[in-house]
Amino acid sequence: MERHEAQLKLSELVGQDLRQLAGQYGITVWKDKKLNKGWAGQVIERHLGLPLNSSRAPNLGSWELKLVSLKRSPNGELKVKETMAITMIDPVEVCNKSFEESHLFRKLSKALIVARVYEGPDEQKSIVYKVTDFQLSDQSVYEQVKADYELVRQTIITQGFSALTGKMGVLIQPRTKGPGHGSTSRAFYARTNFVKKIVGL
DNA sequence: CTATGATCATCC
DNA sequence: GGATGATCATAG
């Protein structure tokens with residue numbers, strides 16, 4: 001499936017309730033009393049007619065699907081609820097590749113971002129807010145993302161992989177993320193400010 | 001058991 | 001309330 005075609009199909013979902021669609025597609029949102037964290041993505045994959053095992057952001061052809069949740073602030077305004085995981089950090093790759101060659105840049109360039117409204121931990125309903133075909137077209141944003149990448153790169157080279165913390169970066173941050181229980185792997189995350197720019201809030 | 005995306009828990 | 005660090009579900 002081409003990226004553009006996927007985007008057209010995704011835009012059909014705007015304004016719809018993913019919770020209802022989940023029931024329609026037979027996707028389990030709650031297993032016992034625990035949330036299936038991948039449910040929203042699965043609903044979307046089903047809508048596109050994709051196999052359900054492509055959740056690991058492989059190359060679904062020539063593009064990549066990302067989900068972000070939004071929340072309402074007290075005055076009813078929509079804001080970005082969480083940072084967005086972009087891709088794992090491979091210290092070797094980061095050291096050896098420039099920003100333009102990096103996995104981070106490639107992923108950002110090919111991403112289709114689906115923003116959904118998070119109504120609460122119970123996920124009783126979740127409306128699709130908008131679908132964004134993200135391009136790193138804004139020059140100032142591009143430069144800042146590149147600067148953040150370079151900061152991570154220099155830190156790994158001069159202080160080592162373990163010196164990275166989530167405090168670094170302006171738009172992109174390196175953050176711990178593993179299977180839990182002591183893993184030390186890290187990933188690039190888009191800060192909420194960045195996600196805000198991406199989605200166009 | 002490990003990798004990955006997405007979300008939760010805790011700190012300030 | 002927002003940011004940082006850690007965990008959960010699922011697939012291989």
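Lettering of chains follows the sequences in order, A, B, ..., and the numbering in each one begins at 1. Please read all numbers here as calculations on a predicted model, not as lab measurements.
When every heavy atom of A:Gly169 is checked against every heavy atom of A:Asp148, the shortest pair comes out as CA-OD1, 3.5 Å. When all heavy atoms are compared, the tightest approach of A:Glu82 to A:Val195 is O-CG2, 4.5 Å. Scanning all heavy atoms of the two residues, the minimum distance from A:Val131 to A:Gln7 falls at CG1-CG, 4.4 Å. The minimum heavy-atom distance linking A:Arg116 with A:Ser126 is given by the pair NE-OG, 2.9 Å.
Taking the six-membered ring where tryptophan is involved, the planes of A:Phe105 and A:Phe99 are tilted, since the angle between them lies from 30° to 60°.
Atom NZ in A:Lys71 sits roughly 13 Å away from atom C1' in B:dT7 (whole-Å rounding). Distance, A:Glu64 CD to B:dG5 P: 7 Å, rounded to whole Å. Whole-Å rounding puts the A:Trp39 CH2 to B:dT7 P distance at 9 Å. Between the CD1 atom of A:Ile172 and the P atom of C:dT4 there is a distance of 13 Å, rounded to whole Å. Between A:Tyr118 atom OH and C:dG2 atom C1' the separation is 15 Å, expressed in whole Å. In this structure, the CD1 atom of A:Ile113 is 13 Å from the P atom of B:dG5, given to the nearest Å. Atom CD1 of A:Ile44 is separated from atom P of B:dG5 by 15 Å (rounded to the nearest Å). The interatomic distance linking A:Glu45 (CD) with B:dA6 (C1') rounds to 13 Å, in whole Å.
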- Item | A:Val199 vs A:Val80, side-chain contact (heavy atoms from CB on, under 4.5 Å): CA-CA, chis, key distance, verdict | CA-CA 9 Å; A:Val199 179; A:Val80 177; 5.5 Å; no
- Can you check side-chain contact (heavy atoms from CB on, under 4.5 Å) on A:Leu13 and A:His47, steps first, answer last? CA-CA 9 Å; A:Leu13 290 173; A:His47 176 78; 3.7 Å; yes
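Close to C:dC8, at under 4.0 Å from its OP1 or OP2, lies no side-chain N or O of A:Lys177. OP1 or OP2 of C:dG2 sits under 4.0 Å from a side-chain N or O of A:Lys79. Note on A:Arg175: every side-chain N or O is 4.0 Å or more away from OP1 and OP2 of B:dA6. Here A:Lys81 reaches the OP1 or OP2 of B:dC8: one of its side-chain N or O atoms lies under 4.0 Å away. Regarding contacts with the backbone of C:dA3, every side-chain N or O of A:Gln173 stays at 4.0 angstrom or more from both OP1 and OP2. Between A:Lys107 and B:dT4, a side-chain N or O to OP1/OP2 separation shorter than 4.0 Å is absent.
Of the candidates A:Val114, A:Leu67, A:Leu18, A:Leu18 is the only one forming a side chain to side chain contact (heavy atoms under 4.5 Å, CB included) with A:Val43.
In this model, no side-chain donor or acceptor of A:Lys66 finds a partner on the base of B:dG5 within 3.5 Å.
Because its NZ or CZ atom is not both nearer than 6.0 Å to the ring centre of A:Phe188 and within 45° of the ring axis, A:Arg175 does not count as a cation-pi partner of that residue. Both tests hold for A:Lys81 against A:Tyr118: distance to the six-membered ring centre under 6.0 Å, angle to the ring axis within 45°.
A donor-acceptor distance shorter than 3.5 angstrom exists from the side chain of A:Ser185 to the backbone of A:Lys177, with no hydrogens or angles considered. At least one donor-acceptor pair under 3.5 Å links the side chain of A:Thr165 to the backbone N or O of A:Lys167.
Of all the residues in residues 185-196 of chain A, A:Tyr189, A:Arg191, A:Thr192 reach under 4.0 Å from DNA chain C with at least one non-hydrogen atom. For the segment residues 142-169 of chain A, the set of residues with a heavy atom within less than 4.0 Å of an atom of DNA chain C comprises A:Thr165, A:Gly166, A:Lys167, in numerical order.
Taking five base pairs at each end of the helix from B:dC1-C:dG12 to B:dC12-C:dG1 and finding the rotation axis that steps the C1' atoms of four pairs onto the next four gives two axes whose angle is 30°, to the nearest 10°.
Candidate nucleotides B:dC8, B:dG5, C:dT4 were compared by shortest atom distance to the side chain of A:Thr83, and C:dT4 ranks first.
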